[in-house]
Every structure is written in structure tokens, then in C-alpha cells.
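Below, each value reflects all heavy atoms present in this structure, side chains not excepted, and no hydrogens, waters or symmetry copies. Residue numbering restarts at 1 for every chain, and letters A, B, ... go by the order of the sequence lines.
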Amino acid sequence: MPDLGPLWITLALAATTTAILMILGTPLAWWLAGTNSRAKPVVEAVTALPLVLPPTVLGFYFLIALGPASPVGSFWMTVTGDALTFSFSGLVIASVFYSLPFAVQPLQNGFEAMGRAPMEVAATLRARPLDAFFTVAVPATRRSFVAAAVLSFAHTIGEFGVVLMVGGNIPGKTKVISIAIYEHVETLNYRDAHILSAGLLLFSFAVLYSVYAYMRGGRVSAA
Amino acid sequence: MRLEHPTLLSVDVSARYSGFELRLRQKISLHGITGIFGPSGSGKSTLLRIIAGLERAGEGRVEFENRPWLDSTQGIFVPPYRRPVGFVFQDVRLFDHMNVEGNLRYAAQRARNSDVDYDEVVGIFDLGEHLSRQPQSLSGGEKQRVAIARTLLTHPRLLLLDEPMAALDAGRKNEILPYLEALPSRFDIPAIYVTHAVDEIARLADQVLVIRDGESGGLIRPVELLDKVDVVGGAAEAATIIEAQVVDQDPDLHLTRLQYREQLLVVPELGRRRAGDSARLYIRAGDVALATQKPQGSSFRNILEGTVQAIEPQPAGAFATVLVDIAGTSLRANLTRHAVLELELAPGTRVFALIKTASFDR
């Protein structure tokens with residue numbers, strides 16, 4: 001049986017990243033869905049960058065942006081006494097950006113499909129915007145929220161390049177499953193590589209299948 | 001006038017959209033139902049949305065009971081959730097993730113005043129048996145009843161209705177009309193009712209604001225609406241709106257007898273009306289026939305005596321619209337030009353207008 005430490009780090013990373021993405025991605029998606037601002041395509045392009053860039057490119061820039069020589073990295077160092085690179089916190093920051101489109105795009109699509117009408121109704125029924133958001137918009141787009149959370153979680157689990165660049169391979173700190181598999185293959189330990197790979201494969205399939213089945217169920221009941 | 005103190009709404013707004021401009025200045029003393037009438041695309045709905053605060057593109061000033069809701073020169077914009085308006089949308093817009101009761105409670109919980117009686121509203125709109133149903137399972141008429149009840153539960157001081165019957169077929173319309181008719185008196189709330197249907201104005205409105213090409217055509221009485229040829233024009237069928245007094249009700253035959261200019265009319269039972277009440281009738285020109293002698297043994301229940309006032313032939317058609325003067329008001333009748341010739345109708349001819357009772361059945 002392979003060392004399960006990387007599994008727990010992976011799950012902790014995915015859970016933290018997803019939680020942060022839901023908090024940051026929701027207002028961003030809301031703004032994108034409703035705005036006519038000229039900044040919209042710029043923000044949309046930046047949000048979608050992780051979909052097209054090689055993870056090594058993102059990882060490289062994060063390594064520099066979060067490094068001890070950078071403003072962010074040195075600020076973090078003075079506040080916490082630790083470096084941001086090659087730490088779990090650094091991984092979370094990089095993962096949030098890396099998985100951003102997987103949170104923002106389903107939410108934005110959901111909000112756009114919902115349109116302005118339900119929020120208008122809520123306003124004429126005396127609901128303040130935040131009240132209306134949680135009592136009308138969130139329930140009306142709950143499938144988008146589920147999809148956003150599951151896809152963010154799953155995508156973070158599948159991370160490799162960014163993690164390797166920013167986090168390295170520190171057992172118990174930044175060594176996630178994908179890195180562990182890479183290491184097992186490098187050391188010709190195919191047995192453990194098989195176990196972890198098959199586990200990740202089954203997990204990913206199960207997640208994606210659940211999401212698609214859930215979305216399909218939504219369409220059927222809405223028709 | 002149903003309210004003792006009319007509510008004053010003052011609007012002086014402009015809004016520009018691609019290829020369309022709204023420029024409207026009007027003070028409206030609101031009482032009962034004020035119809036806003038105009039052809040499609042004339043800016044009626046935009047005006048309503050500006051009054052509700054749903055349309056941010058509007059500039060100018062909106063004042064309700066001397067309180068500014070919008071004053072773009074002073075940067076005043078009262079957000080929609082702070083305006084005491086109820087809005088009924090053409091496309092209904094119930095919350096699909098709640099059942100009927102959930103929709104109603106949503107509004108009731110957010111009402112500023114708690115003196116709206118939830119059970120009373122549910123009763124008035126006959127929603128008791130539908131409370132646990134999902135909006136998707138309701139008929140068009142039932143949905144709109146829920147929507148109207150829901151907005152009333154917020155205890156609005158002004159009710160805005162944006163073509164609430166446009167999406168309903170004739171049968172569903174009849175289902176919902178009595179509820180709309182009873183609104184101002186039951187709830188003591190003035191309403192603004194946007195529509196491009198003359199018959200709805202005839203039945204519901206106490207006054208009409210005419211809008212054409214984004215400009216105000218002034219406030220008129222509903223009976224005057226059909227004389228506004230420039231607005232109604234080809235958009236509406238030729239018809240007449242008359243105001244008659246209820247004489248009595250005949251519960252056995254389900255008829256209401258009315259008096260109009262000293263002559264008697266019989267129409268299918270008009271609910272909730274007593275002797276002496278006035279009732280407005282919408283008579284399509286196509287439902288009126290003319291005779292030069294009073295017919296005997298005919299099934300026509302309504303025969304009004306008058307004289308031909310004018311004949312307007314439709315240049316490229318088989319028909320002509322004949323205006324019949326009945327003690328000072330004009331009744332329109334659509335006849336074939338052939339009939340006009342054969343009956344030798346001309347201004348001054350004494351005629352009997354025959355109106356089928358069924359034509360009042362709405």
C-alpha cells in the first residue's frame with residue numbers, strides 16, 4: 001500500500017481551493033453576467049487563461065510572484081515568518097487561479113441563463129439585493145453552484161504542473177497525489193503508481209459522471 | 001372616483017434606446033385604474049418600469065405623493081425595493097423553486113406593514129386549494145392570480161400592471177378579469193394598467209393615458225378612446241365604448257338590464273353590480289347590424305334607435321363603417337357596402353341598431 005499522506009494533502013488542497021473559489025468566484029461571475037463594461041472581455045480572458053496556458057507557464061509566474069523577493073512573498077514572510085513558495089498556502093493561491101475558470105464559467109452561465117427577471121421580481125417584492133441573491137438567485141441556479149464546486153474540486157485534484165513549480169515535492173507539505181505518482185514512476189515503483197493512478201481515474205470519472213447526471217436531471221425536470 | 005384623496009403621480013422622464021425615444025411629461029391624479037394605452041413599441045412598458053425603478057436608463061423626475069423617486073439632476077434614485085409599488089409582469093414570473101404558498105409568503109414576510117391579511121388575500125383570489133402546488137403545474141390564469149395576490153401582499157400603495165393578460169387566451173382572460181376589476185375597490189390601491197387592448201381599457205380603466213411614439217397623448221375618459229383615431233387607428237378593430245346604468249339583475253336568466261340614453265339594454269349577467277351602478281360596455285362594430293324598420297320576432301335583445309350620422313366606406317374593401325347617432329353618442333356598425341346601398345342609408349336616415357347579446361359575453 002502506498003503512503004497515503006499525499007492523498008490527504010490533495011483533499012485538503014482541493015477543499016480549501018474550492019471554498020475560496022466559491023467565495024471569490026461567485027461575485028466575479030455575478031458581475032460578468034450582468035455587466036456591459038468594456039473591462040468585461042479583459043476579465044473574461046484573464047479568467048480563461050488557465051484553460052489554455054501550459055501549467056508550467058502559470059507555475060513559473062507564480063513562483064516569481066510569490067517568491068521571497070516579490071512584494072507579496074516578502075510581505076507574507078514578515079507576517080507569518082514562512083516563505084509562500086514551497087508551502088501549502090502558496091499552493092492554495094496558485095490553485096485558486098488555476099481552477100478559477102471551472103468555478104466562474106458555470107456560475108456565469110447559470111446567472112446569464114437566469115436573467116434579470118427573478119431579481120426584478122424580488123426587488124418589487126421588497127427584497128434587498130443581498131436578500132434577493134440568497135433567496136432567489138442561489139436557489140434558481142443551485143445546479144450551477146454544484147457544478148462549479150465539483151469541477152473546481154476535481155480540477156484541483158488533477159493539478160500537476162503548477163503544483164510542481166510552486167510547491168515542489170515536500171512530503172507532508174506539498175506532495176500531492178499527482179506528484180507522488182510522478183515520483184513512483186521515476187523510481188520505477190509501478191505498483192504504487194498503478195494504485196494511485198487508478199484511484200484518481202475512478203474518482204474523476206465518478207465525479208464527472210455525477211455532475212453530468214445531475215445537470216441532465218435538471219434539464220429533464222425543467223422541460 | 002373611488003378614492004376620496006386621489007394619489008398624485010408626476011412623471012417627467014426621457015429614455016433613449018436604439019431607435020426609440022421616450023419623452024413624457026404628465027401629472028396623473030390616480031384613482032381606480034388608470035389605463036396606459038398605446039400601440040406596441042410606444043414606450044408604455046418602459047414608462048411603467050421607470051416608475052417602478054426597474055429601468056435605470058430613464059432620466060428626469062418621478063414623484064409620487066410629493067416624494068421624489070427619481071431626480072437625475074439631484075442624483076436621487078430610490079431603488080425599486082424601497083418604492084411602495086406592486087408590479088405584475090406580463091410574463092408572470094413566479095419563483096419556480098417555491099410552491100404557491102412559498103411565493104405568497106415571500107412577499108408577505110417582506111411587507112413593511114403587516115396589516116395585509118394573508119388569509120384574506122388568499123381567499124379573494126381563490127388560492128386556498130392551490131397553496132401546495134408548484135407554479136409549473138398552474139394554468140396561465142392561475143399563475144397570474146398568484147402573481148397579483150403576491151404583489152398585493154407587499155402592501156403596495158401603487159399597483160403597476162404590465163399587460164397582465166397579454167399571454168392569456170380569451171378563456172383565461174375572462175377568468176382573471178373579475179379579479180382585476182375588483183382590485184381598486186377591494187384593496188383601495190390605485191393601479192396603472194398598461195395594455196394595447198381596447199376592450200381591456202373599456203372594461204377596467206377609469207381614465208386613460210394615451211401614449212404614442214414615446215410621447216403623452218393626454219389623459220382621457222375611456223369612452224373617448226375610440227375617437228382617438230390617430231392612436232387607435234388601424235391597430236384596433238372598429239368598436240364603441242358606452243357607459244350604461246344598471247337597472248336590475250335577473251338571476252334566473254343570468255342577465256343584467258341596463259339603461260342607456262333612455263333605452264334598454266340586456267347583457268349577460270355583470271357580477272357584483274347593483275341597480276344604479278354604471279357599467280361600461282365594449283361593442284364591436286362587427287356585432288352591430290342596422291335595420292330601417294324595427295324588426296319583429298327577432299332574436300336580437302338589444303335594439304337602439306338612432307339616426308345615421310356618417311358613413312365611412314373602407315376604400316379597398318367590401319365593408320363600410322356606419323356611425324349611428326344615439327342621443328348624442330356615436331355607435332359604430334360594420335356593414336357591407338352592398339347593404340348600405342340597398343338600405344339607402346345616408347346621413348339623417350332613421351335606423352335601428354341591433355346588437356347581439358352574445359357580443360357582450362366577454
Determine the option with the most heavy-atom pairs under 4.5 angstrom with chain A, choosing from B/Ala147, B/Gly53, B/Pro84. B/Pro84

Neighbour count >12 (heavy atoms, 6.0 Å) for atom [atom1], [X]:
{"X": "B/Glu63", "atom1": "CD", "value": "yes"}
{"X": "A/Tyr182", "atom1": "OH", "value": "no"}
{"X": "A/Phe88", "atom1": "CZ", "value": "yes"}
{"X": "A/Phe133", "atom1": "CZ", "value": "yes"}
{"X": "A/Lys40", "atom1": "NZ", "value": "yes"}
{"X": "B/Phe20", "atom1": "CZ", "value": "yes"}

Answer yes or no: is there a donor N or O on one side and an acceptor on the other, between the side chain of B/His97 and the main chain of A/Thr135, under 3.5 Å? yes

Interatomic distance, OH@B/Tyr81 vs CG@A/Asp131, rounded to 0.5 Å, equals 10.5 Å

Indicate the atoms forming the closest heavy-atom contact of [X] with [Y], along with that distance.
{"X": "A/Ala132", "Y": "B/Tyr106", "value": "CA-OH, 3.9 Å"}
{"X": "A/Leu125", "Y": "B/Arg110", "value": "O-CB, 3.5 Å"}
{"X": "A/Arg126", "Y": "B/Gly86", "value": "NH2-N, 4.5 Å"}

Okay, B/Arg83 and chain A: the region with an atom under 4.5 Å from a heavy atom over there is backbone

Contact class of B/Pro79 relative to chain A, heavy atoms under 4.5 angstrom: neither

Could you point out which residue of A/Met119, A/Glu120, A/Arg116 forms a side-chain contact (heavy atoms from CB on, under 4.5 Å) with B/Leu54? A/Glu120

If we define contacts as heavy-atom pairs under 4.5 Å, which of A/Pro118, A/Ala127, A/Ala140, A/Ala122 has the most with chain B? A/Ala127

